[in-house]
Amino acid sequence: MAATRDSSTGHLPGTGELTFGGRLRSIFSGSVGNLVEYFDWYVYAAFSLYFAPKFFPAGDQTAQLMNTAAVFAIGFLVRPLGGWLLGSYADRKGRKAALLVSVMLMCFGSLLIACIPGYDVIGFWAPALLLLARLLQGISLGGEYGSSATYISEMATPNRRGFYSSFQYVTIIMGQLLALGLLILLQKVFLTQEQLAEWGWRIPFFLGAVIALLAVWMRRNMAETESFSEHRASSKRHSNLRELARHPRAVMTVVALTAGGTVSFYTFTTYMQKYLVNTTGFSKDDATLISSIALLVFMLLQPLVGLISDFIGRRLMLILFGLGATLFTVPLLTALAAKQSMGSALTWYLLALVITTGYTSINAIFKAELFPVHIRALGVGFPFAVTVSVFGGTAEYLALWLKSIGHESWFYYYVSACAAMSLIVALCMRDTKAHSQIDRD
């Protein structure tokens, strides 16, 4: 007679093995929580065109966007703190526990932004409180990435880790897509441009705080990974920066590959909506629509390319990304800068995102495969957070600053140079699929 499954845990009685349904429920719960976190994070970028004058009233549109981009970048600067604190916590107390803490921090940060009065009401305190909220969200995301990537990678079946782990970026992109979709609904259906600029931009931050509570509930019912459970029962090794320093090659691999990948990702996702308005000359509505269609296709590509990596390996996929981003970033951004139809802009945009998929679809799994279980969440999260803070968080501000001084095209070459660095490392690394630390847990 077949064993009866425990519906509350997803395990077979008498074994430590997850059922298929339990594994899927756990991955889904982790992914949905990740979606909520990135929805809250990207709402800031999607709606900054409207709320920038409320917090930074002086200057023209580019100057206001630079101020909001600076706060966006500062939020990235504390991500290493989150990667360190919550990564160590995940390696000591469990992936599930760290994921609960991260989503609660994001909830509080979103609620704070939704309630802050404008500069005309409280003066300097308005941008100061905005900065505080972004710092809390930065700590949250810094811990979310490493814990989430580790959790999904450890939950995945060995021969489909690329496919399952790709859902981390499916949820990241979906969070951004939902933020843009909400913006389109408010723009086209419910509110006027004046209402959006006056008070409508607060709606998504309230919504983000509310749905974060749903993520807390879902994550409370997640199963812990077998790798961590077995490690906690049998090992006394601790997760800390000293232990992480014993893995310098793995750490530097994460840093170098993340540098090129994150600059490309933030250039062609977060910044692109503003680029289409501020450089190409599209209206805010048209730029939002183009970005939404492109991101939908980008999201759907992630599982397909992740699955391909399960057959051809992670290294080859990273080489293809590095080569494509190095050679084609400058031509693609140059083409997107010209006045054109929505259809042609969407075509160039999609080509850039197809190239970027070579990194995003497998970035969680190749990092998790580099580190042993007792240091995995910290090893994935901390060097990633440091690199994203330096390269990803500053990408939008750097692009706007170079535009403001009349040298916008210099940014194109910067993105290409970062991709070239990733290409060099990809050419020199071993394929993590064939040499995975997860198989040694």
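The residues of the chain are indexed from 1 along the displayed sequence.
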Count the heavy atoms belonging to other residues, nucleotides or ligands that lie under 6.0 Å from CH2 of Trp84, then report whether that count exceeds 12.
no
For the residue pair Leu136 and Phe108, establish whether any side-chain heavy-atom pair is separated by less than 4.5 Å.
yes
Once rounded to the nearest 0.5 Å, what's the spacing between atom CG of Leu295 and atom CD1 of Ile172?
12.5 Å
Heavy-atom pair of closest approach, residues Leu378 and Asp91:
N-OD2, 3.0 Å
Is any side-chain heavy atom of Arg246 less than 4.5 Å from a side-chain heavy atom of Ile375?
no
Aromatic rings Tyr359 and Phe321: how do their planes relate, parallel, tilted or perpendicular, breaks at 30° and 60°?
tilted
Tell me the closest heavy-atom pair linking Leu99 and Ser102, and the distance in Å.
O-OG, 3.0 Å
Measuring only between side-chain heavy atoms, which start at C-beta, is Ser153 closer than 4.5 Å to Tyr164?
no
Measure across Ser264 and Val415 and return the closest heavy-atom pair with its distance rounded to 0.1 Å.
OG-CG1, 4.0 Å
Any chance you could measure Leu130, atom CG, to Leu135, atom CG, to the nearest 0.5 Å?
9.5 Å
Roughly how far, to the nearest 0.5 Å, is CD1 of Ile184 from OG1 of Thr288?
6.0 Å
Can you sort out the partners of Phe282 under ring-ring contact (aromatic ring centres under 6.0 Å, His included), two or more places apart, ordered by chain and number?
none
Flag if over 12 foreign heavy atoms under 6.0 Å of CH2, Trp199
yes
Is it the case that the side chain of Ser416 and the backbone of Tyr412 share a donor-acceptor pair, with hydrogens and angles ignored and the cut-off at 3.5 Å?
no
Side-chain (Arg202) to main-chain (Ala114) donor-acceptor, under 3.5 angstrom
yes
I want to check something: taking the side chain as every heavy atom from C-beta on, are Ser165 and Ile362 in contact at a cut-off of under 4.5 Å?
no
Close side-chain approach of Phe265 to Phe391, heavy-atom, < 4.5 Å:
no
Sequence-distant partners of Pro117, side-chain contact (heavy atoms from CB on, under 4.5 Å), two or more places apart:
Val121, Ile122
Between the side chain of Gln340 and the main-chain N/O of Ala345, is any donor-acceptor distance below 3.5 Å?
yes
Tyr414 atom OH: more than 12 heavy-atom contacts under 6.0 Å
yes
My understanding is that only residues two or more places apart in sequence, or in another chain, count here; which of them pass salt bridge (charged side-chain N to carboxylate O under 4.0 Å, His left out) with Asp286?
none
Taking it one step at a time, do Gln302 and Thr360 satisfy side chain to side chain donor-acceptor pair (under 3.5 Å)?
CA-CA 7 Å; Gln302 304 305 307; Thr360 56; 2.8 Å; yes
So, do Ser291 and Leu276 sit near enough that their side-chain heavy atoms are less than 4.5 Å apart?
yes
Would you please name every residue forming a ring-ring contact (aromatic ring centres under 6.0 Å, His included) with Tyr275, sequence neighbours left out?
Tyr271
Donor-acceptor pair, distance only, cut-off 3.5 Å: does the side chain of Arg376 make one with the backbone of Phe371?
yes
Measure from the side-chain N and O atoms of Arg95 to the backbone N and O of Ala90, and report whether any donor-acceptor pair falls under 3.5 Å.
yes
Show your working on side chain to side chain contact (heavy atoms under 4.5 Å, CB included) between Cys107 and Leu213 and close with a plain yes or no.
CA-CA 7 Å; Cys107 176; Leu213 296 177; 4.1 Å; yes
To the nearest 0.5 Å, what is the distance between CZ (Arg315) and CG (Leu320)?
10.5 Å
Side chains of Thr267 and Thr329: closer than 4.5 Å at any heavy-atom pair?
no
For residues Val43 and Ala179, report the shortest heavy-atom separation together with the two atoms involved.
CG2-CB, 3.8 Å
For Val388 and Tyr266, what are the C-alpha separation, side-chain angles and deciding distance, and is it a side chain to side chain contact (heavy atoms under 4.5 Å, CB included)?
CA-CA 10 Å; Val388 170; Tyr266 281 100; 4.2 Å; yes
Quick one, Phe366 with Leu318, criterion side chain to side chain contact (heavy atoms under 4.5 Å, CB included). Give me CA distance, side-chain angles, the key distance, then yes/no.
CA-CA 10 Å; Phe366 83 75; Leu318 290 167; 3.9 Å; yes
Check whether any side-chain N or O of Ser309 sits under 3.5 Å from a backbone N or O of Arg314 as a donor-acceptor pair, and report yes or no.
no
Considering only heavy atoms from C-beta outward, does the side chain of Leu307 approach that of Arg160 to under 4.5 Å?
yes
Kindly write out the residues that satisfy side-chain hydrogen bond (donor to acceptor under 3.5 Å, both in side chains) with Thr279, not counting sequence neighbours, or none if the list is empty.
Glu408
Where the side chain of Ser166 meets the backbone of Phe163, is there a donor-acceptor pair that is under 3.5 Å apart?
yes
With distance as the sole criterion, is a donor-acceptor pair present between the side chains of Ser110 and Gln137 under 3.5 Å?
yes
Relative to the ring of Phe205, is the ring of Trp201 parallel (under 30°), tilted (30 to 60°) or perpendicular (over 60°)?
perpendicular
Compile the donor-acceptor pairs under 3.5 Å between side chains in residues 248-262 and protein atoms, sequence neighbours left out, one pair per line.
unit_1: Thr253; atom_1: OG1; unit_2: Arg249; atom_2: O; d: 2.8
unit_1: Thr258; atom_1: OG1; unit_2: Val254; atom_2: O; d: 2.6
unit_1: Thr258; atom_1: OG1; unit_2: Lys367; atom_2: NZ; d: 3.1

Thr356 side, atom OG1; Leu350 side, atom CG - distance, nearest 0.5 Å:
11.0 Å
Is it the case that the side chain of Glu194 and the backbone of Thr192 share a donor-acceptor pair, with hydrogens and angles ignored and the cut-off at 3.5 Å?
no
So Arg79 and Ile139, side chain to side chain contact (heavy atoms under 4.5 Å, CB included) or not? Walk me through it.
CA-CA 5 Å; Arg79 285 180 67 161; Ile139 292 173; over 6 Å; no
To the nearest 0.5 Å, how far apart are CZ in Phe382 and CG in Leu244?
7.5 Å
Quick one: closest heavy-atom pair of Leu141 and Met106, and the distance?
CG-CE, 3.7 Å
Shortest non-hydrogen pair, Ala98 vs Leu86, comes out as CB-O, 3.7 Å
Phe298/Phe268 aromatic ring centres below 6.0 Å
no
